There are 2 protein chains.
Amino acid sequence: MRVLKYAILGLLDKGELSGYDIANQFKEGEIGQFWSAKHSQIYPELKKLTDEGLIQYQTVIQGSKLEKKIYSITPDGKQELHEWLTHFGPIPAVKDEFMLKAYFVSSMSPNEAKDLFRDQFNKRKEKLAFLEKRFDELQKKMTDPVARSPHFGHYLVLTRAMEREKGYIAWLEKALKWLEEVPES
Amino acid sequence: MRVLKYAILGLLDKGELSGYDIANQFKEGEIGQFWSAKHSQIYPELKKLTDEGLIQYQTVIQGSKLEKKIYSITPDGKQELHEWLTHFGPIPAVKDEFMLKAYFVSSMSPNEAKDLFRDQFNKRKEKLAFLEKRFDELQKKMTDPVARSPHFGHYLVLTRAMEREKGYIAWLEKALKWLEEVPES
DNA sequence: TCCCACATGTAATGGGTTACATGATTGA
DNA sequence: TCAATCATGTAACCCATTACATGTGGGA
């Protein structure tokens with residue numbers, strides 16, 4: 001599927017970036033909750049996309065020697081991005097290691113299961129708190145008609161990420177309640 | 001992380017299975033919503049786990065010639081499974097191609113975005129209906145103290161899968177509402 | 001001066017999918 | 001007899017992570 005290709009095209013369609021910048025977008029940036037890649041995957045991909053004529057770069061000197069490549073998207077790149085964006089794909093099978101453990105709950109003792117679920121609950125709560133802090137900051141920057149804001153994309157992924165965590169947390173609470181019904185506490 | 005290893009150990013801890021059976025569990029079975037693997041990955045892994053002494057098999061003749069390997073978990077296998085189950089791991093970064101497209105919403109026209117979101121909405125609704133049918137069947141087989149049922153693991157993953165889809169659907173509805181606020185319909 | 005962030009690349013390895021390959025069994 | 005399912009394996013390839021490798025810039 002070469003999704004990284006489209007992730008890079010999409011980022012560059014928002015503005016010019018270096019490979020280092022792209023790596024940071026995935027690491028700490030807005031889209032990090034739903035896609036990421038290490039620099040060791042990004043640099044070869046940038047080279048490939050350049051060879052394919054979908055992006056281009058200009059070398060910029062930082063300070064006195066350090067060379068930096070600033071990439072931008074080409075018309076061909078925009079077209080391929082657009083084709084991917086408007087193509088309807090199937091719902092992919094998402095893997096979740098914690099749910100695999102949950103499925104094997106009967107291979108644990110009730111107390112072990114409770115500990116495992118409580119740990120997951122705490123971690124999800126923490127993550128939600130982090131996302132909510134981000135969301136507060138974002139809301140300050142946004143005015144009313146959400147979909148017209150230049151931050152609409154960020155708004156979409158942040159609201160989705162928060163609700164994903166909320167749903168997980170609500171389910172974990174229910175699961176813990178079911179587990180409490182069994183004694184051996 | 002070798003998660004497939006533990007997925008196989010966990011399945012075999014529930015009962016003896018052939019490689020073919022394991023492939024089917026992932027394809028159509030109860031855990032398919034949260035983990036899967038193709039037979040081309042399963043057979044080499046079974047061999048490896050056998051070499052490591054974590055599982056064993058007996059050959060059974062099906063019909064008159066067809067050989068089938070029935071695998072079971074060993075005490076060493078049970079111990080490794082238990083260590084994995086009770087170990088607290090970090091929340092992994094889950095990738096979601098649709099959310100990547102959502103982040104790039106400003107690279108689409110409002111109408112294209114609406115079409116994309118409506119398609120996702122329909123597909124998620126369909127998937128939820130499928131899961132709910134499964135859930136109805138499961139509930140018939142279950143009696144009250146949920147956590148004591150031999151189907152508790154199945155119950156956990158099904159309820160989680162349903163709520164995951166419900167959460168996605170609710171967010172898609174909101175996103176579509178935001179998109180409707182922009183004209184060009 | 002020393003550390004951290006900036007900046008770019010390659011190599012080795014692991015996990016996973018698609019394709020290649022073969023054969024038996026069962027029921028319509 | 002024909003098709004679908006049962007049953008097991010290997011090979012080639014792709015995607016992704018970890019580790020290896022190097023050097024500059026800026027601020028304390």
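Here is how names work: the chains are called A, B, and so on, in the same order as the sequence lines, proteins then strands, and each is numbered from 1. On a predicted model such as this, the values are computed, not experimentally measured, just so you know.
One can place CD of A/Gln41 at 20 Å from P of D/dC20, the figure rounded to the nearest angstrom. Rounded to an integer number of Å, the gap from OH of A/Tyr43 to P of D/dT22 is 17 Å. Residue A/Lys68 contributes atom NZ, which lies 11 Å from atom P of D/dG26 at whole-angstrom precision. When rounded to the nearest whole Å, the span between CD1 of A/Ile61 and C1' of D/dG25 equals 13 Å. Counting to the nearest Å, the P atom of D/dG25 and the CG atom of A/Leu66 are 6 Å from each other. Rounding to whole angstrom units, OH of residue A/Tyr20 and C1' of C/dC4 are separated by 9 Å. Computed from coordinates, the B/Ile42 CD1 to C/dG16 P distance equals 11 Å when rounded to whole Å. The NZ-C1' distance, from B/Lys65 to D/dC6, rounds to 15 Å in whole Å.
Out of D/dT17, C/dA7, C/dG9, the shortest distance to the side chain of A/Lys38 is found at D/dT17.
Applying the 4.0 Å criterion to OP1 and OP2 of D/dA16, one finds that B/Lys95 has a side-chain N or O inside that range. Between A/Ser40 and D/dA16, a side-chain N or O to OP1/OP2 separation shorter than 4.0 Å is absent. Considering only side-chain N and O atoms, B/Gln62 lies nowhere under 4.0 angstrom from the phosphate OP1 or OP2 of C/dA24.
Judged purely by atom type and a 3.5 angstrom limit, B/Thr159 uses its side chain to pair as donor or acceptor with the backbone of B/Leu156.
At a cut-off of 3.5 angstrom, the base of D/dT8 holds no donor-acceptor pair with the side chain of B/Ser18.
Salt bridge status for A/Lys5 with A/Glu80: present, with a side-chain N to carboxylate O gap under 4.0 Å. Taking a cutoff of 4.0 Å between a charged side-chain nitrogen and a carboxylate oxygen, B/Arg118 and B/Asp115 qualify as a salt bridge.
When heavy atoms are screened at a 4.0 angstrom cut-off, B/Lys47 is found touching no nucleic acid atom at all.
Within 6.0 Å of NZ in B/Lys78 there are 12 or fewer heavy atoms belonging to other residues, nucleotides or ligands.
The cationic group of A/Lys127 does not satisfy the cation-pi geometry with A/Tyr168, failing either the under 6.0 Å distance to the six-membered ring centre or the 45° limit from the ring axis.
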